[in-house]
Amino acid sequence: MAYWLMKSEPDVFGIDDLQRVQTAIWDGVRNYQARNFLRDQMHVNDEVLFYHSNARPAGVAGRAKVVRTAYPDPTAFDPKHRYYDPKSQPENPRWYAVDVAFVEKFRHFVTLDELRQHPALTDLLVLKRGNRLSITPMTAGEWEVIVGLGH
DNA sequence: GCCAACGTTGGC
DNA sequence: GCCAACGTTGGC
């Protein structure tokens, strides 16, 4: 069991969208380090904290879990899609996606500021200066603290 | 909208 | 392999 923080822009796809559809493909990852986490280390039932980026405020909106491990990202093969990448071919895929399922929306939205203030979260990768990774691992302890803040 | 930080691209 | 130019991310 692993614990992940996954960023999405709520204007594009937020926790409310996931709640509505319940299960969704997490596609559009176009960063090698994030892809490697997703492709090589994500397992079914891994915990996901759903982070709203490019939002006011930014922060953790709720929980999801992994329900399908990595498979080739179909949006990379679609020339009309904004995530299209001609260098990714079905016989040699460059980009991958997983499926995630809604678990809960936090009663209390945990803002980036609250994360920064908490002494147990100083090593959280998303708080590191300049961090742009859309998928980052965290420890079970960090996960528990953030879920506690959200409840 | 600004802009710092970062990743990727491509010429050499 | 270097590195300047460029594009993107994401908080504010």
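Numbered from 1 within each chain, the chains take letters A, B, ... in sequence-line order.
- As a whole-Å value, the separation of A/Leu133 CG from B/dG7 P is 8 Å.
- Rounded to whole Å, the distance from CG on A/Asn131 to C1' on B/dC6 is 10 Å.
- Using a cutoff of 4.0 Å between basic side-chain nitrogens and carboxylate oxygens, A/Asp16 and A/Lys105 are scored as salt-bridged.
- Contact check, A/Arg129 against B/dA5: a side-chain N or O comes under 4.0 Å of OP1 or OP2.
- Between the CG atom of A/Asn31 and the P atom of C/dG7 there is a distance of 18 Å, rounded to whole Å.
- Note on A/Lys128: nothing from the nucleic acid sits closer than 4.0 angstrom, heavy atoms only.
- We find that CG of A/Asn54 is positioned 16 Å from P of B/dC2, with the value rounded to whole Å.
- Ranked by how close their nearest DNA chain B nucleotide is to the 5' end, A/Arg56 and A/Lys87 are led by A/Arg56.
- For the pair A/Glu9 CD and C/dG10 P, the interatomic distance rounds to 7 Å; values are reported in whole Å.
- The base of C/dT8 sits with one of its N or O atoms less than 3.5 Å from a complementary donor or acceptor on the side chain of A/Arg132.
- Distances shorter than 4.0 Å separate some side-chain N or O of A/Lys7 from OP1 or OP2 on C/dG10.
- A donor atom on one side chain and an acceptor atom on the other are not found under 3.5 Å apart for A/Asp113 and A/Thr111.
- Side-chain contact check for A/His52 versus A/Glu9: every heavy-atom pair is 4.5 Å or farther apart.
- The 5' end of DNA chain B is approached more closely, in terms of each residue's nearest nucleotide, by A/Gly130 than by the other of A/Arg94 and A/Gly130.
- Looking only at side-chain heavy atoms (C-beta outward), A/Ile135 and A/Val29 come within less than 4.5 Å of each other.
- Rounded to an integer number of Å, the gap from A/Ile135 CD1 to C/dT9 P is 13 Å.
- The distance between atom CZ of A/Arg30 and atom C1' of C/dT8, rounded to the nearest whole Å, is 14 Å.
- Going from atom OH of A/Tyr51 over to atom P of C/dG10 covers 8 Å, rounded to whole Å.
- Aromatic pair A/His108/A/Phe106: ring centres not closer than 6.0 Å.
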